[in-house]
Visitor: 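Submitted below is the structure of interest, expressed as C-alpha cells.
Throughout, protein chains are lettered first and strands after them, A, B, ... in sequence-line order, and every chain is numbered starting at 1. When reading the values below, keep in mind they use all heavy atoms of this one structure, side chains included, and skip hydrogens, waters and symmetry mates.
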Amino acid sequence: MEPQDLTKVVLLACGSFNPITNMHLRMFELARDFLEDTGQYIVVRGIISAVGDGYKKKGLIEACHRVDMARLATDTSDWIKVDAWESQQPDWVETAKVMRHHYKELVTAEQNNDDVDTAKKRRIEETKHAFEEPSSYHTRRDDGPQLKLLCGADVLESFGVPNLWKHEDIAEIVGRYGLVCITRNGCDAHKFIHQSEVLWKHRKNIHVVREWVTNEISATHVRRALRRGQTVRYLLPDPVVSYIREHGLYSAESEQKNADVILAPLQRHTGPSSS
Amino acid sequence: MSVRIPLVLLACGSFNPITNQHMRLFELARDHLHQTGQFQVVGGIVSPVSDGYGKQGLVLAKHRIAMARLALQSSDWVSVDDWESQQPDWTETVVTMRYHYGRILKQYQEGTGKDSGPTTNSHHLTSSSPRLKLLCGADFLDTFKVPGLWLDDHVEEVAGRFGLVCVSRGGLEPERAVHESDTLSRHWRNIFLVSEWVRNETSATEVRRALRRGLSVKYLLPDSVIEYIHQHNLYTGDSELKNKDVLLRPFTKQTEMLVKTLDD
C-alpha cells in the first residue's frame with residue numbers, strides 16, 4: 001500500500017498515570033507496531049491524557065505532578081506527547097468527552113495543514129460539525145485521521161462495571177472512534193467483546209493486541225514499593241524516579257487521599273442519567 | 001549498631017543484550033540484602049561471558065561489553081568487567097568468581113583510599129574485606145541439574161564458599177531448585193532468595209526476537225543501548241543462527257578434561 005493510502009491514527013491513552021511507568025510507555029509501542037503491521041495504518045501521534053484530580057481515586061496525587069512525570073517520561077519519545085487539558089478541568093471529564101475534544105483538535109490541525117483540496121476541506125468541515133452532535137456518533141468518515149483509545153484489558157472489562165460508564169459513551173467510543181486494547185489474555189478480551197452487544201456490533205473497531213511478553217509494572221505496585229522504601233529503578237524512566245524522590249511523592253499518607261470519597265463517575269451516574 | 005558485612009554482587013551471563021530486567025536484579029538484590037540487616041552492598045559487577053561460550057545467537061563480546069557499559073553509565077554502583085570476556089577460552093563461573101574475589105581482596109588490603117572499581121562505596125562503614133556473591137535469576141539454579149554443565153566441586157564452591165543471591169522469575173520457584181539439590185540445600189544459609197513481585201518476562205531472548213522482526217524494544221532497555229544496536233545492526237535473523245551447530249563450551253570442556261585425566 002502506498003503511504004498516502006494508509007489511514008493516519010492517533011492513539012489516546014487516558015488514565016491516572018499515578019505514576020507513569022515503563023509499562024504505559026510500552027503499550028504505545030506495542031499498539032503502534034500492531035497497527036502498522038496490518039499494513040492499513042500509520043500511527044502519527046500518541047497522546048497521554050492524565051485524569052484530573054476530580055476523579056477522586058484513592059491515592060491519586062496532584063495532577064500537576066502526574067503531568068510533569070509523564071512529560072519527563074516522554075521526553076525521549078518523538079511521537080508520544082502529554083496533553084494536560086483533561087487534567088486541568090475542574091471536574092472529572094468522561095472519556096468520551098475527552099475523545100471528542102482531541103478529535104476536534106486533530107481535525108482542525110489536519111485542516112490547517114491541507115492545501116487547496118477544497119473537496120477534502122469540505123469533508124473535514126462536515127466531519128467537524130458532525131462531531132458537535134453527540135447523537136450522530138455513527139457517522140465516521142473513512143478518510144482523515146482516526147483517534148483511537150489505547151487501553152489495557154482492565155479498561156475494556158470495566159465497561160461491564162455498573163454505573164461506571166454511560167452506555168451511550170461506550171457506543172460512541174467504539175462506534176465513532178475505536179479501541180486498541182493491549183492484553184496478555186486475548187481469549188478473555190475476545191470473550192468479553194463477544195458477550196457485549198455494543199462491543200460486538202463495533203468489533204471491527206476494536207483491535208486486541210496480544211502482549212506475548214508479560215510486563216506487569218502496575219502503578220499500584222510502584223506506589224507500594226515506594227511507600228516501603230524499595231527500589232523502583234528500571235520500572236519507570238530514571239528522570240521520573242528522580243522526580244518522585246525530589247518531591248517526596250507517594251507515602252502512606254498520599255495513598256489515603258480520597259479514601260472516604262466516591263469515585264467521580266460512580267457519583268455522577270447513580271441516579272437518572274443525564275446526557 | 002552492629003557492623004554489616006560488605007558485599008559485592010557478581011552477575012555472570014550472556015547479556016545478549018543487557019536489559020532493564022538485568023539491571024533491576026541488582027537493585028532488588030541490594031534492597032533485600034540491606035533489609036536483612038546483615039549486609040552492606042558495596043558494589044555490583046556485570047561480567048558478560050566470552051565468545052568461547054558458543055551459545056546460539058551470541059554476538060561478539062566487544063558489543064555486549066559496549067552495550068552493558070552504555071546501560072550502566074547511569075548507575076553509581078554497578079559496573080561492567082571484561083576480564084571474563086577477554087579470556088581465550090570459556091571460563092567456569094567459579095573461576096571468574098575466584099578472580100574477582102582475589103581482586104577485591106587485594107584492593108581492600110591495599111587500603112581504603114583507593115578509588116577504583118566497584119568496591120569504593122561505604123568502605124569506611126565496614127571492618128572487613130568485601131565478600132562476593134553470585135547474583136542470578138531463578139532459572140540459573142535449575143542449570144545446576146543439567147548433566148555435564150557444572151562440576152560438583154564448582155557447585156560446592158559457588159554455594160559454599162561464596163553464596164548466591166537469586167531473584168525469582170515468573171512462575172519459577174527457586175525454593176524448589178534448592179530443595180532438589182543436596183549441595184544447595186546444605187548451603188541454604190548462603191543462598192538468598194529474593195521475590196520479584198513485578199511479573200516481567202522481558203528477557204534478552206524476547207528482545208532479540210522483537211529486533212529481528214523490526215518491532216520496538218523501547219522502554220525494555222536503555223535508549224543508548226537501542227541506538228548502539230541499530231548503529232551496529234546487531235540481532236538479525238543471521239546473528240541468531242550463529243553457533244547453531246556448535247556445542248556449548250562447558251560440555252566439550254568437561255569432556256576434554258575427563259579425557260585428559262584418563263590419559264594421565
Side-chain angles (χ1 to χ4, degrees), chain A residues 11 20-37 39 43 46 48 70 72-80 182 184-185 209-242, chain B residues 9 18-35 41 44 46 70-78 167 169-172 194-227:
Chain A
L11 295 170
I20 192 163
T21 69
N22 283 343
M23 187 192 77
H24 293 128
L25 299 162
R26 275 302 291 161
M27 277 175 47
F28 278 93
E29 300 288 313
L30 288 168
R32 178 166 74 161
D33 277 346
F34 178 86
L35 289 173
E36 296 196 348
D37 205 47
V43 178
I48 290 177
L72 287 169
T74 50
D75 209 26
T76 63
S77 176
D78 60 3
W79 68 285
I80 306 170
I182 314 290
R184 264 176 304 117
N185 199 330
V209 182
R210 291 300 296 276
E211 182 192 10
W212 296 108
V213 184
T214 310
N215 197 343
E216 281 173 26
I217 307 173
S218 74
T220 307
H221 172 90
V222 167
R223 293 196 307 275
R224 182 181 298 130
L226 287 164
R227 279 201 300 281
R228 299 177 184 182
Q230 292 168 349
T231 179
V232 294
R233 200 150 185 215
Y234 307 114
L235 298 182
L236 348 174
D238 278 347
V240 180
V241 180
S242 301
Chain B
L9 298 171
I18 194 167
T19 66
N20 284 346
Q21 203 48 19
H22 287 130
M23 296 188 284
R24 189 158 155 71
L25 292 186
F26 281 92
E27 303 290 318
L28 286 167
R30 180 168 72 161
D31 266 6
H32 178 93
L33 291 164
H34 281 184
Q35 278 180 339
V41 177
V46 164
L70 286 168
L72 291 166
Q73 245 166 21
S74 59
S75 175
D76 64 356
W77 70 284
V78 184
V167 182
R169 184 175 178 173
L172 290 176
V194 183
S195 296
E196 159 71 296
W197 298 110
V198 175
R199 265 200 70 175
N200 196 334
E201 289 167 18
T202 49
S203 62
T205 305
E206 285 297 338
V207 167
R208 294 197 305 276
R209 181 175 291 137
L211 286 164
R212 278 201 299 282
R213 299 177 182 182
L215 301 173
S216 165
V217 293
K218 200 168 157 92
Y219 311 115
L220 300 179
L221 12 166
D223 285 343
S224 52
V225 179
I226 300 175
E227 237 177 81

Visitor: Under a 3.5 Å threshold, yes or no: a donor from one side chain and an acceptor from the other, between A:R224 and A:S218?
Guide: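 No, because no side-chain N or O of A:R224 sits under 3.5 Å from a partner of the opposite role on A:S218.
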
Visitor: Short question: side chain of B:H34, backbone of B:D31 - any donor-acceptor pair under 3.5 Å?
Guide: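 No; zero donor-acceptor contacts below 3.5 Å.
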
Visitor: Quick one: which of B:Q35, B:R209, B:H32, B:R24 has the most heavy-atom pairs under 4.5 Å with chain A, could you say?
Guide: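 Top count of heavy-atom pairs under 4.5 Å with chain A: B:R24.
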
Visitor: Hey, mind stepping through A:V43 and A:F28 against side-chain contact (heavy atoms from CB on, under 4.5 Å) and telling me if it holds?
Guide: CA-CA 10 Å; A:V43 178; A:F28 278 93; over 6 Å; no

Visitor: If I measure from the heavy atoms of chain B, does A:V232 come under 4.5 Å with its side chain, its backbone, both, or neither?
Guide: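 Only the backbone of A:V232 comes within 4.5 Å of chain B.
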
Visitor: Using a cut-off of under 4.5 Å on heavy-atom pairs, state which of A:V213, A:L236, A:D37 scores highest against chain B.
Guide: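 Winner by heavy-atom pair count: A:V213.
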
Visitor: Could you note down all residue pairs passing side chain to side chain donor-acceptor pair (under 3.5 Å) where residues 213-222 of chain B supplies at least one of them, sequence neighbours left out?
Guide: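 For residues 213-222 of chain B: A:E29-B:S216, A:T76-B:K218, B:K218-B:D223.
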
Visitor: How close do B:V167 and B:L28 get, heavy atom to heavy atom, and via which atoms?
Guide: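 It is CG1-CD1, 3.9 Å.
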
Visitor: With chain B as the partner, which of A:L235, A:D238, A:I217 has the greatest number of non-hydrogen pairs under 4.5 Å?
Guide: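 When all of A:L235, A:D238, A:I217 are compared, A:L235 has the most.
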
Visitor: Considering only heavy atoms, which portion of B:Q21 lies under 4.5 Å from any heavy atom of chain A: side chain, backbone, both, or neither?
Guide: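 For B:Q21, neither part sits under 4.5 Å from chain A.
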
Visitor: Non-hydrogen atoms of chain A under 4.5 Å away: do they reach the side chain of B:T19, the backbone, both or neither?
Guide: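 The answer is neither part of B:T19.
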
Visitor: With a 4.5 Å heavy-atom cut-off, do B:R30 and B:W77 have their side chains touching?
Guide: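 In short, these two side chains touch, coming nearer than 4.5 Å.
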
Visitor: Taking side chain as everything from C-beta outward and backbone as N, CA, C, O, which of these in B:E27 sits under 4.5 Å from a heavy atom of chain A? Side chain, backbone, both or neither.
Guide: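 The answer is both parts of B:E27.
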
